[in-house]
Amino acid sequence: MGKARGLRAAAGLTSWLLGSCRRCCRSRSAAAQAGEARRGSRLTMGRAGLGRIPPLLPPLLLAWLGLGRLAGEWGGQGPGLSSRGPEAGQELSRGVVVLNAPLRPGVEPVYGLFVTDYFTRTPRKLSPFRSFASIELFHFRVPEDTVVAVWNLITFKEQGGTFGDQCPDRSITVYFRSGAPPVINPLRTHFPRDTAVPGSFALTLTWTLPNRTTGVFNITSPLPGDWFLAAHLPKEQGRISVKGSPSPDPAAWASFREPLRSLASRWPGKAWRGKVWGWVGVPGGRGNLTMPASCQQGLAEDCQYLFQPQLIVQRLVGIRVLYPGFVTEHVLLPHNRSLLYKVFIPSCTSRVLLQLWNCHSANQSCPLWLKVRGKAPPLHNSTALDCREHAPCRLALELPLWQHWYYVLVEKHLGVASQVGFRLVAQLKVSSAGPSGPPSVTSWTPSRCTSTSSSAPTSRCPPDRPAVFAIQLLPVLDSGGILNLELRLNVSSLRGENATVFACLNHEVPLVPGGSPLVTCETELLAGFLLTLNATAPLSRLRIPYPQTGTWYLSLRSLCAVDRGLESCWNVTAEVYLRTYLSPCVNDCGPYGQCKLLRTNNYLYAACECKAGWSGWGCTDNASAFSYGFQLLSTLLLCLSNLMFVPPVAIAVRSHYLLEAAVYVFTMFFSTFYHACDQPGIVVFCIMDYDVLQFCDFLGSLMSVWVTVIAMARLQPVVKQVLYLLGAMLLSMALQLDRHGLWNLLGPSLFALGVMAVAWAARSVRRRHCYPPTWQRWAFCLLPGALIAASAVLLYAFVETEENYFYIHSIWHMLIAGSVGFLLPPRAKPEAPGRPGPLPRRKGCGYQLCVNEQEELGLVDPGGAGASVTSVCSS
């Protein structure tokens, strides 16, 4: 019923919005439509009155934001609300707003059609930032001719399947980038050498409600194509997460320590050590303290922070196309402020010239602005020209982007309400370099491999023109890795000349380095990468993480140094070996990292996950790296600490607990070699597959606890063996399901303790005496063993972090092994000689078998009546 009401509400909102827009448009253009009907002229969707967008756009976007929440919460379908299922790529498209303007006789009408599209993604759980492999990546696609794009960023908390009102507020950082995933560096680590870092935009979300917050990020005239969002939580303090364990907020603990610190200062006899183990919530008395709610979670479910982005775009349909060389006449009506056009730029175009003339107005000569921008409608800071100061109004654009649309905006000055007429033409110029004409462009697809033995093609740089190569990157497929470029100069080809080869790598348009004293690969609108090669430095490399797809142009030109600066080398044809390839990670993340292939929906990308304290995009930042000596010491601590199981094995063998001793030997062996294989650095030794070693180590640890507690119960041998076998099978199943859950340790331990308690209680009731009967057993064995085991569990669950893992986990090994030596019961004593025991069991099967030996030997006469018979009876 609630779902149906939600769908009806969404449908009603949509119909009300469209009805309001239609009524608004009809009221403003009823006279114009009536006059056009009488004239019988044809309506075209060529020009758009962009000046009328602001009055309708804010309520439209607000309505669609509300509709997006309805679709996200109810996830249903209804009139005007279509859905494509629960996949992450859900897309809703609707909302048509028609804007038209009154016409005058003999003038082509202005008619604009705006379409609103809605895209959403399923919520995902965010993780604290460790590397790019720990972020959540979302992929959107913005259609062409988009006027405005609004991202609705929804974040909410969950705990145990319900709203996480008690979860602490944690800031969420979101990054935006067009064309490829954002290259982020929130930890301020160093990038590898020869690596170019593209920019991105970031924002931080703050919480407005206890369990939910919403942020809005809008972009006017966004670039069309792929857009990527990356989100993550702040980095943790290094605590090792155990599923099911409490996760107190550091800020909450800090606020909790302060009153306790002041309370401890009043008691000189108690030293303050900076940790809280008690004195919490003591009723009555002065200085009563209450633990923060985030620290009272106990063994409850961990807090989860879910993030769901939604995209609402409004695009303009039917923008009029300007054809190069064709002059068109236009009229900007009084109630319209601007007109929008677009022109397509083919390859090898070096210059675009927009010319506006014959501009006439009632009050002024030409009160217009001429603006132009590539790939998207112009913004306030786009290339512009004031036509009042130039007659005719000519706007030239050098080195435009190839194979893209350029948008031209003709806009009135503020305060101009009269009608303006003008003529407009776009002219294109083909590129040229040198006396022989334009340079030839060689298309080149980079190899998708990381092998360094691939052949490198040779390029010859002629003295009169540059050599241009086009590197094709496929959309989506090639943007999730590293674009590697390697140039090597053949020094012998210079013939002793003081020549330098300059290489410019630019996206979507080639930029040829000139002969000025300062050679750059940048203009006012373009930015590229400059590489130089000469006799002293013949090798140059460049890495671009997550490159934008499309066409990259590499321009090579050889210049010689002269007194006046740099000029073309007319007698030198330099040879350059080129090599470009795509790799998942930088140098496969090196020896201190692992390259991981990740996937978000149908998009694949790769990232490094560093270890041994190394960090950075390619695991090359050693600011906090572990030294070799520290790695060796850590490995020895974790491995040799397992030798503490030798005394428990000796005690078990001496007490005739052979099965328990076998379990302890199994645990000691696999724990030693698992930690030798689990090291993050280069001190690693694996005798078998890592997953096998990890499973055996976890199983041995849990089985050691299980058999020790069951042995303490002193059950009958048959019952004990059944419990041993049942525990091994159930623990194997639990570890296969979840190896890192805290209940894998607590569940078997609590069950075994329950069995032991029942057995001890039954024995105490039967004997009318507490069991174990001697106080020495309690004082010197059970209590020390229980305290040591409890200390080990506390260290494992609350104190162990990534920084202290090596020695804290080694202490855990020693404490667990030591507690086994104390808790293992002694050997069962034989019964005393004078003490009455159970009745002796009768031998035999309960019957006697009598055998006549003479009959068996054939010595008995069947007819002899007085023959003697000797029989032997055995039981």
Side-chain angles (χ1 to χ4, degrees), residues 190-198 433 439 442 444 446-447 450-471 482-507 510-523 526-545 547 552-583 586-588 590 616-618 620-622:
H190 296 289
F191 282 85
R193 294 182 55 186
D194 306 323
T195 301
V197 183
T442 303
W444 190 9
S447 60
T450 58
S451 174
T452 58
S453 61
S454 59
S455 60
T458 303
S459 171
R460 295 180 178 272
C461 300
D464 57 342
R465 70 177 69 183
V468 181
F469 294 87
I471 304 174
I482 308 293
L483 176 61
N484 300 268
L485 177 64
E486 181 177 326
L487 305 178
R488 186 183 299 271
L489 174 65
N490 186 4
V491 180
S492 61
S493 64
L494 299 181
R495 299 178 180 180
E497 296 288 340
N498 186 15
T500 302
V501 177
F502 294 93
C504 282
L505 183 64
N506 295 83
H507 187 230
L511 184 60
V512 179
S516 60
L518 182 61
V519 178
T520 62
C521 293
E522 298 180 358
T523 62
L526 299 176
F529 305 99
L530 176 64
L531 296 89
T532 58
L533 302 171
N534 51 39
T536 58
L539 179 63
S540 182
R541 293 187 179 93
L542 178 64
R543 301 185 184 95
I544 303 178
W552 287 80
Y553 292 94
L554 177 65
S555 304
L556 301 177
R557 188 175 184 183
S558 59
L559 300 176
C560 290
V562 295
D563 296 337
R564 298 187 301 271
L566 296 174
E567 63 181 18
S568 300
C569 301
W570 298 103
N571 297 324
V572 175
T573 301
E575 293 184 357
V576 179
Y577 298 97
L578 307 179
R579 181 170 179 261
T580 178
Y581 61 93
L582 292 169
S583 62
V586 178
N587 292 334
D588 203 19
W617 197 261
T620 56
D621 190 345
N622 60 351

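Side chains are part of it too, since the values below use all heavy atoms of this structure and drop only hydrogens, waters and symmetry mates. Quick caveat: nothing in here was measured; it's all calculated off a predicted structure.
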Query - Rounded distance (nearest 0.5 Å) linking atom CG of L578 with atom CD of E486 - result: 10.0 Å
Report task. Would you check, one step at a time, whether the test side-chain contact (heavy atoms from CB on, under 4.5 Å) holds for L489 with V576? Result -> CA-CA 5 Å; L489 174 65; V576 179; 4.1 Å; yes
Query - Flag side-chain contact, heavy atom, 4.5 Å: L505 against I544 - result: yes
Report task. Look at the side chain of D621 and the backbone N and O of H190, then say whether any donor-acceptor pair between them is shorter than 3.5 Å. Result -> yes
**Report entry** Option passing side chain to side chain contact (heavy atoms under 4.5 Å, CB included) with P538 (candidates V501, L487, L533, V491)
**Finding:** V491
Query raised in the report: Got W617 and T195 here, is their nearest side-chain heavy-atom distance under 4.5 Å?
Result: no
Report task. Compare all side-chain heavy atoms of N587 with those of R543 and state whether any distance is below 4.5 angstrom. Result -> yes
Report summary line: Heavy-atom closest pair (A503 atom, C521 atom, distance to 0.1 Å) is O-SG, 4.1 Å
**Report entry** Expected output: side-chain S493 to main-chain E575 donor-acceptor under 3.5 Å
**Finding:** yes
Query raised in the report: How many angstroms lie between atom OG1 of T532 and atom CG of L559, to the nearest 0.5 angstrom?
Result: 11.5 Å
Requested in this report: Over all heavy atoms of both residues, which pair between F502 and L530 is shortest? Give the atoms and the distance, please.
Outcome: CD2-CD1, 4.2 Å
Report summary line: Heavy-atom nearest pair, A574 first then S558, reads CB-CB, 4.4 Å
Query raised in the report: So how far is it from L485 CG to F469 CZ, rounded to the nearest 0.5 Å?
Result: 11.0 Å
Query raised in the report: Okay, side chain of N534, backbone of T536: is any donor-acceptor separation there less than 3.5 Å?
Result: yes
Query - Value rounded to 0.5 Å, distance of OG1 in T580 from CD1 in I471 - result: 4.5 Å
Query raised in the report: If you take all heavy atoms of P510 and S555, which pair is closest and at what distance?
Result: CB-OG, 3.7 Å
Query raised in the report: If you take all heavy atoms of C504 and N506, which pair is closest and at what distance?
Result: CB-OD1, 3.7 Å
**Report entry** Gap between atom CG of L494 and atom OG1 of T573 - 0.5 Å precision
**Finding:** 10.5 Å
Query raised in the report: Is any side-chain heavy atom of N490 closer than 4.5 Å to a side-chain heavy atom of Y577?
Result: yes
Query raised in the report: For the side chain of N484 and the backbone of I482, is there at least one donor-acceptor N/O pair under 3.5 Å apart?
Result: yes
